[in-house]
Amino acid sequence: MVDPTVAALRMRPTGVARRGPLLANPLNLFAIVLIALFALGAVLAAIIAPYDPIVQALGSRLDPPSAAHWLGTDQLGRDIASRLLYGARISLFIGLVVVATAGLVGTAVGLVAGYAGGLVDEALMRFTEIFLAFPPLILAMAIAGALGPSLTNAIIAIAAVTWAVYARLVRGQLLSLRRREYVEAARSIGASGPRILLRHLLPNVLAPLLVQASFDMGAAIVAAAGLSFIGFGAQPPTPEWGVMISEGRNFISTQPWLSLFPGLAILLAVGAFNLLGDGLRDLFDPRLRRVG
Amino acid sequence: MNVRRFSILITLVLLAAACGPGGTTGATGTPQPSGGAAASTLVWYADTSDLISLDPAVAYEFTGVLLAHNAYETLVKFEGADLSTVKPALAQSWDIKDSGSTWDVTFKLRSGAKFASGNPITADDVVYSFQRVLKLNKSPAFLFTDIAQIKDTSIKATDPSTVVISLPKTASPQGFLAVLTFTIGSVVDSKEVKAKESGGDSGSTYLLDHSLGSGAYVIDHWTKNSEVLLKANSQYGGSPKPALSGVLVKHVPESTNQQFALEKGDADIARNLGAQQIAALQGKQGVVTTTGNSLQLVYVGMNVTVKPLDNVNVREALRTAIDYDGIVKDLFKGGAKKVQDIVPAGLAGYNESTPFQADVNKAKSLLQQAGQTAITLELLVPTGPAPGGVAWADLAAKLQSDWKNIGVTVNIKQTTQADLLGTYRAQKGQLVMILWGPDFPDPDANVGPFTDYAAKSIAFRNGWDDKTIAAKGRDAALITDTAKRAAAYKDITDYVLHNGPYAVLYQPTEPFGLRSNVKGFAWSPMDWTDFAAISK
Amino acid sequence: MRFLGFLLRRVVGIAAVMIGVSVITFAISHLIPADPVAAALGDHATESQIAQFRAEYRLDRPLPEQYVIYVTGILHGDLGKSIRTRRSVAQDLADSFPATLELSFAALAIAILVGIPAGVWSAVFRGRLPDHVVRVASLVGGSIPVFWLGLILIGLGYYQLGWFPGGGRLDLFVAPPPSRTGLYVIDSVLSGDLEALRSSLAHLVLPALTLGYFSTAVIARMTRSSMLEVLGQDYIRTARAKGLHERLVVSRHGLRNALIPTVTIIGLTFGSLLSGAVLTETIFSWPGLGRYATASAVSLDFPAVLGVTLLAAVVYPVANLAVDIAYYWLDPRTQHG
């Protein structure tokens, strides 16, 4: 759900020499390691979390970080570190589902529009434009408000504001490809339309799609947290990071760790995805060679 | 070249702003200073998102009622926290006569009473005020039409200082007096209101953000979403006379911000602090905390049309399993009262008995008696904070774990309060956790809804159609002898305690944060306060 | 003439998009399972009151008819009546929009005044410390949850340090300046009210920083990358070869051309500011569109939600159009469409 305008921006290279294999660059390495940790924590949450994230332990409320609770406890005695791990699982889930759904729907629409051309293309592109005109959070609020506050509805809402960028991307790639000579050439020797699409389009469009997807993973996590914060997304006692910040905001003057750590988690996770996106884009951008 | 483009863009932008949404008075209110010196204005921080109108015939939400209560006077009132004796306000005396087919309540108005405008208060003003309530037919109107059962013709001015109101025999005169203490019974300045009428609205558009009454304060302005300013009424004939010259009610929905402002001294009183903020404020310099009683009850409704909730043993088991003491002590840190009956403390008819406290064995055996050992139910819960400042979700989680101990699996479903009410009213909930506040300070305001299926209120929403208890409730409402009435309500509440479809959890106390120099603040269980008594 | 054609096409395009936006939002708000009316009237509403309310808001008519009524209303400037506030939605929007506009402008001002120099600085010192600092700060800006940032800023700036006010647009006992634009800073300048000017500026700092950080990061990155591209161009090499002072090279030749895409961005980020405003306004008790939108969505107040969405969805294309018009006038060589 990166704002489409900003999405357009991000397609510009960073202008830093990041030639060579992706992993050779330290920044990319850092990003990938962070993401791997995040994913690992998410997947293994049930095994490595020292405490149950939901069960209340009213005897040990609001404990500051200590040996027993590395990140402290919250107002119901729940271990924050454990909740963060389970929250990682939820955030990862949100990111993957949003990007997969939005990506699939958007790509499908873009393919149909680009391939069919003419009136169908016009109509689909107007439809896409409409969704691009909505400020993301407001549309997400309207949808989540209408459907009711829950994590599932928040995911639906965020996917609804994310898909349009993919449609535009794919259609754009498809159009520029159609003009390429080798498509003409391939056609002239009798290759079929869909086959051309698959063999020539896919590799070319995969790159920008991956870059966008990387940014959108981060954007979806932040958007979901934002919706939870104002009450439209996941609800307590779900250990979603936005919910944790929201629950902790009443304690900010005396026990700031309740809101501090989930916010840091979001910052790190989203930052890692943004870095990854940067790295991927620089990797794929042929123009980069010129900028020394 | 590009700097030029840049500056042209900025100019365009500024131009757009200059002729854009210009000239809206709504955003800034009336162009008057926001208040006198800070020292003589009470600064009240609250979440006022429920404020829709200041018109006493329309206001039914907490903020509107609080403000209208201070801007208008009623015929009778309660003093302080004593809700059992009605005291004179605009009416210096009254009597109730049985005329055979009706109860005739005659009020004699206080002599020399004046509105803030200087106009004298006459019986015609009272008649006009009550008739416009009926005409507008807004949210609080049911108190006149359904509870008091009066019509336009029931209200008469027999001379400039006497009003007679005739109630049908099916209505309770005591209940009517209680209703009249509420803001719906406010007397408005009919001469001025009539001058402001437009399009048959009975002056409602003007009174939405102005006041034309005789209360201790006058509404100076209401800047939507921002603040309401009240100024002291120099003509106020009641007592105590307002100590402070102004009250500024600021809309600050975040309780954290309220706490910060209180500590910094920007706010004098913070209305919406949670249990956490109260705890954080203990021992802080310049700040004290206090509580006010409220007449609300937080309860779980069980839909008896949903099996196995139709079995009274199952319901009793659910009641028995809950850790009420834990809720009060741990979740609310003492900021709540353990009440298990349907009439709150502070009203006549309050039943002190609280027989339930987590007894897992007893609950399990009750379930066995009912032949139900594996039950799964859905608990509908609102989003946001419950009365008393704890999140609804946390309360729900506690119940969920209490019920798990006796083998009942409860799935929590959270929806907005708006949504929940819709489902609840349609009898589609299974277990519903929600609050209830009486509309007027009389036990019937709770007993009726909780016992009478035909009232289409709480009993209806839970599908509980018990004709015997409904009849008992209706009869008890009409008993005039205080002792007999108390006995009747004891009988009713004892019955509902063990047979009804309710698990009453607690009666919240309202926490307030005050600067230590604020004196005279007292919160009425009617969910308002008299600003006039406050000084600093 | 060509300009008129261009303008016409864009305006028609915007109108078409608005119609689409209205249909979709209308559909979303009306296909909700819950009934907002019973909720709005509260627990004790009688049947007659509910019926009266439904008739007043025309909820008893079939959906397509409601939509037609709504659209004809819009053409007369009537956006319907809010179920929650019982006032005209247009009036509610007019009351809350200026506050959001002011906050957005302030955030944008910060983004431009900090972002552009930071981007230039970063490009000029590429690979060295300033570059690293700016890039890390930009990364954080693009990844930080805006509501968390707001909490931290208000906790530090107001509560701990007491340097800034804790919410609202003005100090408690300062009257708003006479309203011309609804933007307090401009209005207080126009009427010479120094107290209001000082107060409104002080109240803008924290929320504008919160809201503006993301845009600052975006603009800094944009400026940096286009600066780098430009600095690698031939004419820059020529200027350097001619012996021109480096600073001149950067400012006269480099910056100007690098700013072109940046100016484009400025118009575009305006749309994203509205989203961020929703969360920022909640934290800073800012009486703007974002807070109105949140309150409306919670109470299922769909006329209000519709109104807000329409207004918000028109801001972005209009901002875009304004920038494009500016370009078109300045450089007729710029082709559109």
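Just so we're on the same page: letters track the sequence lines, and every chain starts at 1.
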Hey, can you pull the donor-acceptor pairs under 3.5 Å for the side chains in residues 218-233 of chain A, sequence neighbours left out?
from	atom 1	to	atom 2	distance (Å)
S228(A)	OG	A224(A)	O	2.9
S228(A)	OG	A234(A)	N	3.3
S228(A)	OG	E240(A)	OE1	2.7

Using non-hydrogen atoms only, which part of [X] is less than 4.5 Å away from chain A: side chain, backbone, both, or neither?
| X | value |
| --- | --- |
| T282(C) | side chain |
| V314(C) | neither |
| I283(C) | side chain |
| I24(C) | side chain |

### Message
Among V17(C), I19(C), V21(C), I144(C), which residue has the highest count of heavy-atom pairs closer than 4.5 Å to chain A?
### Response
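If we count pairs closer than 4.5 Å to chain A, V21(C) comes out on top.
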### Message
Quick check on the interface: out of I152(C), L151(C), L274(C), who has the most heavy-atom pairs with chain A under 4.5 Å?
### Response
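Most heavy-atom pairs within the cutoff with chain A belong to L151(C).
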### Query
Can you name the side-chain contact (heavy atoms from CB on, under 4.5 Å) partners of L139(C), sequence neighbours left out?
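In terms of side-chain contact (heavy atoms from CB on, under 4.5 Å), with neighbours along the sequence ignored, L139(C) is linked to N274(A), L275(A), S143(C).
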### Query
With sequence neighbours left out, what residues match P149(A) under side-chain contact (heavy atoms from CB on, under 4.5 Å)?
Q235(A), T383(B), T416(B)
### Query
Can you tell which of V305(C), I83(C), V89(C), D92(C) makes a side-chain contact (heavy atoms from CB on, under 4.5 Å) with S296(C)?
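With S296(C) as partner, side-chain contact (heavy atoms from CB on, under 4.5 Å) holds for just one option, V305(C).
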### Proximal component of L260(A), with respect to chain C [non-hydrogen, under 4.5 Å]
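Both parts, backbone and side chain.
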### Query
Quick check: does any side chain N or O of Y292(C) sit under 3.5 Å from a backbone N or O of F97(C), one acting as donor and the other as acceptor?
no
### Task
Would you check if the side chain of T294(C) reaches a backbone N or O of G290(C) as a donor-acceptor pair within less than 3.5 Å?
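Indeed, once roles are kept as given, a pair shorter than 3.5 Å links the two residues.
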### Query
Side-chain donor-acceptor pair under 3.5 Å between D216(A) and T162(A), yes or no?
no
### Query
Considering all heavy atoms of both residues, which atom of I80(A) and which atom of L258(A) are nearest to each other, and what is their separation?
CD1-CA, 3.9 Å
### Task
Determine which residues belonging to residues 249-257 of chain A lie within contact range of chain C, meaning some heavy atom pair is under 4.5 Å apart, and list them by number or answer 'none'.
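So far as heavy atoms go, R249(A), I252(A), S253(A) are the residues that approach chain C to under 4.5 Å.
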### Electrostatic pair R221(C)-D278(A), nearest N-O below 4.0 angstrom
yes
